[in-house]
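Lettering follows sequence order; numbering is per chain, from 1.
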Amino acid sequence: MKKSGFPLLSLGNKLIDAYIKCEAIDDGRTLFDEMTTRHIVTWNSMISTYIRQKRIGEAIKLYEEMILDGIIADEFTYSSVFKAFSDLGLLQEGRKAHGRLLVSGLSVSNVFVGSALVDMYAKFGKLTDARLVSDEIVEKDVVLMTALIVGYTQNGEDFEALKIFRDMIKDGIRANDFTFASVLIACGNLADMNIGKQIHGLLVKSVSEFAVASRTSLLTMYSKCGLIDDSLKVFDRFFNANLVTWTALIMGLVQNGREESALSIFCQMIRNSMTPNAFTLSTVLRACSILAMLTEGQEIHGLVLKMGLDRNRFVGAALIDMYGKCGIIKMASSIFNNLNELDVVSVNSMIYGYAQSGNGEEAVKLYDQMPGLGVKPNDGTFVSVLSACSNAGLLEEGRRIFSSIKNNHEIELSSDHYACMVDLLGRAGKLEEAERLINQVKNPDVVLWRTLLSSCKIHGDVEMAKRIMNRVIELKPGDEGAHILLSNIYASTGNWNEVTKMKVMMKDMKLKKNPAMSWIEVDGEVHKFMAGDLSHPRSMDIDEELKRLSEKIEGLGYVPDARFVLQDLDEKDKERSLYYHSEKLAIAFGLLSSSNRSTCIRIFKNLRVCGDCHNWIKFVSRVVGREIIARDAKRFHHFRDGFCSCGDFW
DNA sequence: GTAGGGTTAG
């Protein structure tokens, strides 16, 4: 580097100082490079300014240059470079710098150096190193303790974080807003509202004015503890809520099952002239996706495009999921193909999108392409692709994938993976093989047995069901799902005595069945229907429509299938009960409400669609010449011209 | 040294 030699050291330093104060670091740098003698203070202020301006790479280059120049770094230098290495994720480099610091005779006991080092190790998840360094610091201060607390919460050691906080208070170190912001996150992660409330009280006492960050943490803490109304109260008292605060509230509402409120708060946020970012948009998209609100989802997609965020991986994955859950798989895959960078979550979302739409081949194809795409499968990938195989009845593909997990030494075969495989085998009718597989698991949990039980129901194997039920009861006597399953198995095989016994037993155990419900969105309004529910204002018209449909489809060969009535009624009443199943009511209402033949009817059901209704909808799609999409608790069924996308396998 | 995000069967 050419050095023309700026003559006066002190004047040069002052000039650089002035440039830095004006944030004109590039001009400062030009001058700096020209100086013949450079003082350590100037090196330090150049480095720390680069870091402040988030030009971390340049900061590190300068530090390396400094070492080559033979300058001996001091405490100020090290506290900056530790931060730089931690921001860039360079653990080895950071360790080297730590070593160099020790060799040069400096000590970590300086609280500035120590805190930066603790923060660096903590961010790398090296909590033991962080703790060792902090133990050497005699004069501990609030910054150091906060760095430790953050380190522990970010590494899932929330309980330990709280302990550090407690000791800190005991040692007479006053917590500030930074500390509260972090420690409240720990309470939220632990979902411990008692400690959370105590810390809330402490916060009120300790800080004269709340900072936005600590109040936002408070809001998040309440929503993670399931106390969303308290979050709303915290929010109401904000006068300076920023985008993070709004996003945290929206997220909290979604996590607490209040998706509609989340959307209306989002609209309120927009009216308040806040510009959403990728965080906000991925969160509201999740709300749309849970409720399968296509119209709203599309509006947000419009916003995403306007902001140029459609290739962002977080927003992209949320869009894929939303379109997948709304059954528009083509849109999901076009977003997937346009993503800037693929990662495992977006691939998993896409695979699961195919799984829900019954497109097992595409799901497996994408899974097989993953190595070529440079994306390593994780736990979720296997869950998604195995459930795709299960939905599509792809037994051999499923077996191949399951054994590839076994051979993949980076991923441990979990009980979730076994559950998927048991489901796949069971639904494909390989009940014994499924049972043998469960017996290979060390401590099989109740979920595995319950999964097999549901396969027994599909294949009407009462004997096996009884045997499996005993295993369930050993593990979890009051398992609601298993009791309902077994009682349905008895019902579908006409064993009404046993059904009655089960009902009495379930009543004694206070187990309740979740009633079936279907809904449809018409002109932005959701209409819900229960089986036999005649409370809808247009129920007379719905009844008429059902009658018209029945006549037409019976002419084409539809016969009600009373096996799907799970009550002890005579044949006539059984048919009547089938006739008013909630999904039929919703579809009849949908047909009444939209005469435009080119639009499809989209209904939702909270449980799985029943076999008779499935058949009924196939016929109806043919006579009305319209596409009908039914999303049940697990997947989509696209009915067109008498056929369903699931190929009758679900 | 601080607050907010995307996927998952049964």
Visitor: Taking the six-membered ring for Trp and the full ring for Phe, Tyr or His, determine whether the centres of A/F266 and A/W246 are under 6.0 Å apart.
Guide: no
Visitor: For B/dG10 and A/R608 - does any side-chain N or O of the residue sit under 4.0 Å from the phosphate oxygens OP1/OP2?
Guide: yes
Visitor: Figure out the CG/C1' separation between A/L218 and B/dA3, and round it to whole Å.
Guide: 11 Å
Visitor: Give A/V118 one of three labels, base, sugar-phosphate or nothing, depending on what nucleic acid heavy atoms sit under 4.0 Å from its own.
Guide: nothing
Visitor: For A/E410, enumerate each residue passing the salt bridge (charged side-chain N to carboxylate O under 4.0 Å, His left out) test, keeping only those at least two apart in sequence or located in another chain.
Guide: A/K376
Visitor: In whole angstrom, give the distance that lies between atom CG of A/N242 and atom P of B/dG5.
Guide: 14 Å
Visitor: Reckon A/D416 touches a base, only the sugar-phosphate, or nothing at all at heavy-atom distances under 4.0 Å?
Guide: base
Visitor: Separation of A/R52 atom CZ from B/dG1 atom P, in whole Å?
Guide: 13 Å
Visitor: Is any side-chain N or O of A/K325 closer than 4.0 Å to OP1 or OP2 of B/dT8?
Guide: yes
Visitor: Give a yes/no on whether any side-chain N or O of A/R427 is located under 4.0 angstrom from OP1 or OP2 of B/dG10.
Guide: yes
Visitor: For A/L437 and B/dA9, what is the distance between atoms CG and P respectively, to the nearest whole Å?
Guide: 19 Å
Visitor: I need the OH-P distance between A/Y152 and B/dT2, as an integer number of Å.
Guide: 16 Å
Visitor: Kindly confirm whether the side-chain ring of A/F314 is stacked on the base of B/dG6, judged by centres under 5.5 Å and planes under 30°.
Guide: no
Visitor: Base, sugar-phosphate alone, or nothing: which one does A/T247 contact when heavy atoms must sit under 4.0 Å apart?
Guide: base
Visitor: Do you see a donor-acceptor pair shorter than 3.5 Å between the side chains of A/N189 and A/K224?
Guide: yes
